[in-house]
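Throughout, a chain's letter reflects where its sequence line sits, starting with A, and its residues are numbered from 1. Reckoned from all heavy atoms, side chains included, excluding hydrogens, waters and symmetry mates.
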Protein chains: 2
Amino acid sequence: MSDAAKDRLRLWLRLLKVVRGIEQDLRDELRRAHNTTLPRFDVMSALSRHPEGLKMSQLSGVLRVSNGNVTGIADRLSEEGLVERIPVPGDRRAMMLRLTSEGATEFARQAEAHQDWINEKLRDVSPEDARAMAARLQAFAAKSEQKEQVNAQ
Amino acid sequence: MSDAAKDRLRLWLRLLKVVRGIEQDLRDELRRAHNTTLPRFDVMSALSRHPEGLKMSQLSGVLRVSNGNVTGIADRLSEEGLVERIPVPGDRRAMMLRLTSEGATEFARQAEAHQDWINEKLRDVSPEDARAMAARLQAFAAKSEQKEQVNAQ
DNA sequence: CGGCATTGCTTTAAGCCTAAAATATTTATC
DNA sequence: GATAAATATTTTAGGCTTAAAGCAATGCCG
């Protein structure tokens, strides 16, 4: 294996370890402090960015998860009154999912705590380092998306 | 929210997006090319670093997953003859899990393909950037572990 | 109009994951 | 040595995840 390949593999293993660690702690925190889960948080986050609601298929597209997945999460959030399914006029197959007002209030609370929690978790990362790494990741993500476009043609 | 907090939050969102994206592609690749999954790969990887085998509890400790989780994955790998449970002399509660010779051969194949795949996936990351990011991540991980030690006391 | 492919969503089967309970065995204490 | 506490693992219940199948409803095309 070339040195370059070794450097890239090491980077990947570190990325995976760090992100998995933070994500695990985040899951614990969501459960402990908000009695919820990361997938539920992700769904509510997406809906909060679209106050008019999203069709189930749009939501699974945004979150890059399967249709059936969103169905289950929506079922449970709906049971708790945090989201609601609204029929789409003119298409009886489709459903619009959106936050209820209770859901919007609850998500605002969770989102604020989440930001504070992340800031605290990354306290040892200087703003300069954060910007530098974010820029590198952004450059990488942009290149990857570009390739996907080409592959999809 | 302070600027520093914004920088850290943005870093976290980028990290999550990039790692999730690569991880998803990796899962697809493992299924497509090797008819396996990332958790199975992780288990076999850990066992390959301990040719003498690991007790179930050691394995769940190394992988940072629950005991019950490892039980299920070991069951399935065992059905396929890739790993085997060996009784531990002197302690009839414990079981040593280790790769069979077929498992070791199969994992060697998977691991090599995995390295190539990662190198290709990160082709646009220069070795210099890879080392720089890995170093920052390493510094962060070291600080975090240090804190855990303190918290655990 | 009538058939038929497509679209939108849900259901199902199987694996992954956790916390908590259950089981079996070992260790410590009296 | 008997009993209790601790340890190693499995089982269970419930949620997340996907691919594939199923069910309506829509849209296209002759």
Go through the steps for A/R85 and A/D75 under the test salt bridge (Lys or Arg N to Asp or Glu O under 4.0 Å), then give the verdict. CA-CA 9 Å; A/R85 283 181 169 93; A/D75 286 349; 2.9 Å; yes
The test is salt bridge (Lys or Arg N to Asp or Glu O under 4.0 Å); show your working for B/R98 and B/E52 and say whether it passes. CA-CA 7 Å; B/R98 73 173 185 207; B/E52 74 288 0; over 6 Å; no
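Comparing D/dA8, C/dT18, D/dC16 by their nearest atom to the side chain of B/R93 picks out D/dA8. Picking from C/dC17, D/dT26, D/dT17 the nucleotide with the shortest atom distance to the side chain of B/P39 gives C/dC17. For A/I73, taking side-chain heavy atoms from C-beta onward, the closest of the listed nucleotides D/dT17, C/dA19, D/dA19 is D/dT17. Taking every side-chain heavy atom of A/D91 into account, C/dG8 is the closest of C/dT26, C/dG8, D/dA19.
Residue B/E106 is tested with B/L99, B/T100, B/L82 for a side-chain contact (heavy atoms from CB on, under 4.5 Å); the sole match is B/L82.
Atom CD1 of residue A/I22 and atom NZ of residue A/K17 lie 12.5 Å apart, to the nearest 0.5 angstrom.
Using a 4.0 Å heavy-atom criterion, one finds that B/S57 contacts the sugar-phosphate atoms exclusively. B/V88 comes within 4.0 angstrom of nothing in the nucleic acid, heavy atoms only.
What separates CZ of B/R92 from P of D/dT10 is a distance of 16 Å, to the nearest Å. If you measure from atom CG of A/L59 to atom C1' of C/dG8, you get 13 Å, rounded to the nearest angstrom.
Of the charged side-chain nitrogens involved, at least one lies within less than 4.0 Å of a carboxylate oxygen, so that A/E23 and A/R27 count as a salt-bridged pair. Using a cut-off of 4.0 Å between Lys/Arg side-chain N and Asp/Glu carboxylate O, A/R20 and B/D42 are scored as salt-bridged.
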Check the interface with nucleotides 10-14 of chain C: list each N/O to N/O pair with the protein under 3.5 Å, or write none.
unit_1, atom_1, unit_2, atom_2, d
C/dT10, OP1, A/R85, NE, 3.1
C/dT10, OP1, A/R85, NH2, 3.2
C/dT10, OP2, A/T71, OG1, 2.7

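Each of B/A94 and A/R27 has a nearest nucleotide on DNA chain D; the 5'-most of these lies closest to B/A94. Taking the nucleotide of DNA chain C with the nearest heavy atom to each of A/R31 and B/R40, the more 5' of the two is matched to B/R40.
For A/D28, the CG atom sits in a packed shell: over 12 heavy atoms of surrounding residues, nucleotides or ligands are nearer than 6.0 Å.
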Dot-bracket, DNA chain C: Watson-Crick or G-U, under 3.5 angstrom, [ ] crossing, | other strand? ||||||||||||||||||||||||||||||
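With sequence neighbours excluded, the residues satisfying salt bridge (Lys or Arg N to Asp or Glu O under 4.0 Å) with B/E29 are B/R32.
Hydrophobic clustering (side-chain heavy atoms under 4.5 Å, transitive across Ile, Leu, Val, Met, Phe, Trp, Tyr) groups A/L137 together with A/L16.
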